[in-house]
Protein chains: 2
Amino acid sequence: MFNIEEWLPFLLAKTYQHTLTLMRSALDEFKLTPPQFVTLAFLWRRDGINQQELGTLMNVDRTTISGLLERLERLELVQRGQDPRDRRSWVIFVTKKGKALKEKLLPKLDRVSKEISRTLTLKEQETLIKLLNKIRLA
Amino acid sequence: MFNIEEWLPFLLAKTYQHTLTLMRSALDEFKLTPPQFVTLAFLWRRDGINQQELGTLMNVDRTTISGLLERLERLELVQRGQDPRDRRSWVIFVTKKGKALKEKLLPKLDRVSKEISRTLTLKEQETLIKLLNKIRLA
DNA sequence: TTAATATAATCAGTACACTGACTTTATTAT
DNA sequence: ATAATAAAGTCAGTGTACTGATTATATTAA
């Protein structure tokens with residue numbers, strides 16, 4: 001018998017929604033959304049790439065990246081400049097303001113993942129990450 | 001050091017997106033979206049409830065349920081009728097057409113969850129479901 | 001009973017996330 | 001060198017998912 005509540009896609013959807021709620025309250029004071037934070041987190045590591053490359057790293061559609069960066073630019077956290085070697089693409093840079101957020105945001109977001117998995121033992125947390133990674137990289 | 005790719009919320013987001021892609025191709029021929037299917041699956045079990053109750057079961061916001069049902073009604077898969085005992089609420093019914101989909105959809109969707117977790121052993125699949133459930137019901 | 005509160009649903013507005021069409025610039029093939 | 005193709009990004013349109021405001025109906029308290 002099919003039980004939707006034990007169906008993997010449903011469980012993933014709901015646990016993900018739950019993390020979104022926690023992230024939103026953590027990010028609220030910064031006027032940032034969860035996907036905007038994730039985008040920043042990728043750019044902190046890999047500055048100066050183009051939208052295509054960023055989308056590939058993040059597993060996000062090109063049109064979605066477009067909008068995300070537009071909003072991050074409006075917040076003055078990133079800046080897009082022309083790539084002299086390929087005039088089709090933008091090169092994305094994190095601004096000083098965007099870099100300054102790093103120290104404040106990381107501890108907050110660390111707490112989010114602890115909060116989500118607070119009912120799991122440390123070993124279970126590791127297992128969960130391992131299994132999700134196995135699916136993701138399949 | 002913070003590594004976004006091993007961060008639980010990110011992993012949940014990406015595995016969930018992956019399941020959405022698989023679901024979309026499974027549901028394509030039925031002109032149904034993943035959340036629309038989930039809604040139907042809940043209604044197959046619990047017909048005649050109102051939007052509030054459905055939202056609670058599904059963990060979905062009241063306004064989201066509103067839109068989902070409007071689209072399912074447009075597809076003639078559900079129908080909303082007045083509740084004589086409380087004129088504020090609708091009572092939701094699955095139509096004959098909506099019930100008929102059950103036999104066709106369930107096997108398709110069963111295959112989706114198998115496909116997602118095809119790189120996991122059976123034991124790992126059980127573990128994953130157990131851990132996600134633990135988070136969800138926390 | 002009337003007034004204050006609460007509840008069910010909708011509406012307006014914002015942000016993802018995707019598809020498909022389009023523009024601009026690069027690359028490749030003839 | 002030109003034509004065909006591909007790639008980077010944007011735009012329009014649809015569907016979630018949310019917040020906050022509003023409407024209509026119920027419930028509760030004075």
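Each chain gets a letter, A, B and so on, in the order the sequences are listed, and its residues count up from 1.
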(request) Report the hydrophobic cluster partners of F93(A), with the cluster defined as I, L, V, M, F, W, Y residues connected by side-chain heavy atoms closer than 4.5 angstrom, directly or transitively. (result) V91(A)

(request) Give the first and the last nucleotide of DNA chain D, reading 5' to 3', that has any atom under 4.0 Å from a heavy atom of chain A. (result) dA6(D) to dC18(D)

(request) Output the rest of the hydrophobic cluster of W90(B): all Ile, Leu, Val, Met, Phe, Trp and Tyr residues reachable through side-chain heavy-atom contacts under 4.5 Å, sorted by chain and number. (result) none

(message) I'd like to know if the side chain of E76(B) reaches the main chain of K97(B), judged simply by a donor and an acceptor atom lying under 3.5 Å from each other, with no hydrogens or angles considered.
(response) no

(message) Looking at E124(B) and K134(A), is there a salt bridge between them, counting it only when a charged N and a carboxylate O are closer than 4.0 Å?
(response) yes

(request) For D61(B) and dA15(C), give me the distance from atom CG to atom P, rounded to whole Å. (result) 17 Å

(message) Can you work out whether N59(A) or P84(A) has the more 5'-proximal nearest nucleotide on DNA chain C?
(response) N59(A)

(request) Applying ring-ring contact (aromatic ring centres under 6.0 Å, His included), name anything that partners F2(B), two or more places apart in sequence or on another chain. (result) W7(B)

(request) For W44(B) and G98(B), indicate whether the former's side chain and the latter's backbone hold a donor-acceptor pair under 3.5 Å. (result) yes

(request) Quick one, give me the B/S/- string for nucleotides 3-13 of chain C, reading 5' to 3', where B means a protein heavy atom under 4.0 Å from the base and S means that only happens at the primed atoms, P, OP1 or OP2. (result) ---BBSSBB--

(request) Mark yes or no for whether E115(A), through its side chain, and L22(A), through its backbone, hold a donor-acceptor pair below 3.5 Å. (result) no

(request) Please name the residue in the list R24(A), K108(A), K104(A) that meets the salt bridge (charged side-chain N to carboxylate O under 4.0 Å, His left out) test with E29(A). (result) K108(A)

(message) Please check: side-chain N/O of K102(B) versus main-chain N/O of A41(B), any donor-acceptor pairing under 3.5 Å?
(response) no

(message) Quick check against the 3.5 Å criterion: does E126(A) have a side-chain atom that pairs as donor or acceptor with the backbone of K123(A)?
(response) no

(request) Could you list by number each residue of residues 18-47 of chain A showing a heavy-atom separation from DNA chain C of less than 4.0 Å, or answer none if no residue does? (result) T33(A), P35(A), Q36(A)

